[in-house]
Amino acid sequence: MPKRRTRLRIATWNINSVRLRLARLGDLVAALEPDVLCLQETKTPDELFPREEIAGFGFRHMLVRGMKGYNGVAILSRLPLAPVDELPDWCGRDDCRHIAADLDLPGGPLRIHNFYVPAGGDIPDPEANPKFRHKLDFVSEATLWFAAGAADRGRTVLAGDLNIAPLPEDVWSHRQLLDVVSHTPVETEGLLRWQATAGGWVDAVREIVPVPQKLFTWWSYRNRDWRRSDRGRRLDHVWLTPDLRGALKGAMVLKDARDWPQASDHVPVLAELVV
DNA sequence: ATGGTAGATATTCTA
């Protein structure tokens, strides 16, 4: 008897304040019907996380790791979640940039990592800018952790705001962004080294929307007309361990979310698996 | 070359 197969829609979204943008979660559910949603920049201490309202959207299971004012990650789910304990304290900061959970599915357990990589400030020089140093160190530590076997169990999804656009087609102008934080060679090479761990993570969205198509998930608040200027970057990612490559059935970027009332500067990204 | 916007917080930081 073959085991029953499950359709699983996994989304990631940098919500930029879960309390301010709570109503937009309802829009996201209506548009994408995710079973699991990874949030970044919740900017909310755990005791103030709007659990009841989120349960009202159908996510009865949630894991949160937040702090006052900055950062913060959460995994919301329609299916029961088991927390993954003993995650690394990245760069020794305890700053709420990573959370992980296990889903118990008919085909076996599936692990989900949700990351919020430091943005890195404005100056792409680790000597002059401690925030850029922190970003590079964070990516290096994550690379070492996965290279040491953290995802060797397989059936693992890594989602989040990685704050790096790795490919030339992931930014509006490769040439003009080569010295802009998020697309400098030291960052893109670092992210691709991270992606090469765990047997080679599958970039789910690029499987479905391959290069040379341009694809962005973030547009700055500082552009007068974001859609017309279209100066975007692909900072938000969903990666799969290679054993899930055949399970990938679809993926998309919800670009229209950038026009929602009081929009986040990031839009949701979805991957659909049959596992 | 510059400054543009947004959110949380508190008179500035982070993105």
Side-chain angles (χ1 to χ4, degrees), chain A residues 12-25 27-28 38-50 53-54 64-74 90-98 114-126 128-139 159-166 170-173 175-184 186-188 190-191 216-237 255-269:
Chain A
T12 180
W13 189 30
N14 180 320
I15 193 170
N16 189 14
S17 174
V18 68
R19 282 179 287 177
L20 186 76
R21 246 175 283 286
L22 196 51
R24 300 286 80 74
L25 272 178
D27 297 339
L28 192 163
C38 296
L39 296 178
Q40 304 86 35
E41 281 206 270
T42 53
K43 297 186 174 179
T44 303
D46 293 349
E47 62 271 22
L48 296 178
F49 197 85
E53 295 88 338
I54 285 172
V64 301
R65 186 172 176 206
M67 59 191 280
K68 183 180 175 182
Y70 302 105
N71 309 331
V73 286
W90 305 105
C91 304
R93 294 190 183 217
D94 191 26
D95 59 359
C96 305
R97 294 180 178 276
H98 179 210
N114 177 12
F115 276 96
Y116 174 52
V117 171
D122 289 330
I123 303 164
D125 175 355
N129 175 9
K131 287 187 277 195
F132 195 69
R133 173 83 270 158
H134 178 210
K135 183 179 196 175
L136 298 182
D137 288 347
F138 191 104
V139 171
D161 175 5
L162 306 185
N163 263 317
I164 297 173
D170 292 336
V171 292
W172 65 276
S173 169
R175 184 178 60 81
Q176 286 177 262
L177 288 173
L178 277 171
D179 60 353
V180 173
V181 171
S182 72
H183 194 63
T184 64
V186 66
E187 292 169 88
T188 58
L191 191 69
F216 314 138
T217 65
W218 172 91
W219 292 262
S220 172
Y221 281 126
R222 299 178 188 179
N223 283 323
R224 202 171 296 275
D225 184 339
W226 72 273
R227 196 183 284 273
R228 193 171 64 86
S229 57
D230 201 21
R231 295 188 166 189
R233 310 175 197 171
R234 189 172 73 105
L235 305 179
D236 303 276
H237 301 274
K255 184 175 180 178
D256 286 348
R258 190 62 181 78
D259 271 334
W260 283 345
Q262 205 164 27
S264 171
D265 46 354
H266 295 253
V267 298
V269 175

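First the proteins, then the strands, lettered A, B, ... as listed; each starts at 1. Keep in mind that the numbers below use all heavy atoms, side chains included, and drop hydrogens, waters and symmetry copies.
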Q: Rounded to whole angstrom, note down the P distance from B:dA10 over to B:dT14.
A: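 Here B:dA10 and B:dT14 have their P atoms 14 Å from each other.
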
Q: Could you work out, with salt bridge (Lys or Arg N to Asp or Glu O under 4.0 Å) as the rule, every residue matching A:Asp46, not counting sequence neighbours?
A: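 By the salt bridge (Lys or Arg N to Asp or Glu O under 4.0 Å) rule, A:Asp46 matches no residue at all.
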
Q: If we take the P atom in both B:dG3 and B:dG7, what is their distance in whole Å?
A: 22 Å

Q: Would A:Thr12 and A:Gln40 count as having a side-chain donor-acceptor pair, cut-off 3.5 Å?
A: yes

Q: Please identify each residue that fulfils salt bridge (Lys or Arg N to Asp or Glu O under 4.0 Å) with A:Arg258, with sequence neighbours left out.
A: none

Q: Tell me, for nucleotides 6-15 of chain B in 5' to 3' order, what letter each nucleotide earns: B for a base near a protein heavy atom under 4.0 Å, S for only sugar-phosphate near one, - for neither?
A: SSSS---BSB

Q: Distance between the C1' atoms of B:dT9 and B:dC13, in whole angstroms?
A: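 These two C1' atoms come out 9 Å apart once rounded.
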
Q: List in chain and number order the residues that pass ring-ring contact (aromatic ring centres under 6.0 Å, His included) with A:Trp226, two or more places apart in sequence or in another chain; answer none if no residue qualifies.
A: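 Testing A:Trp226 for ring-ring contact (aromatic ring centres under 6.0 Å, His included), a comparison that skips the adjacent residues, returns A:Trp219.
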
Q: Under the salt bridge (Lys or Arg N to Asp or Glu O under 4.0 Å) rule, collect the residues that match up with A:Arg233, sequence neighbours excluded.
A: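 Expected list: none.
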
Q: Can you list everything that forms a salt bridge (Lys or Arg N to Asp or Glu O under 4.0 Å) with A:Arg227? Sequence neighbours excluded, please.
A: A:Asp256, A:Asp259

Q: Using the C1' atom as the reference point in each nucleotide, state the distance between B:dT12 and B:dA1 in Å, no decimals.
A: 25 Å

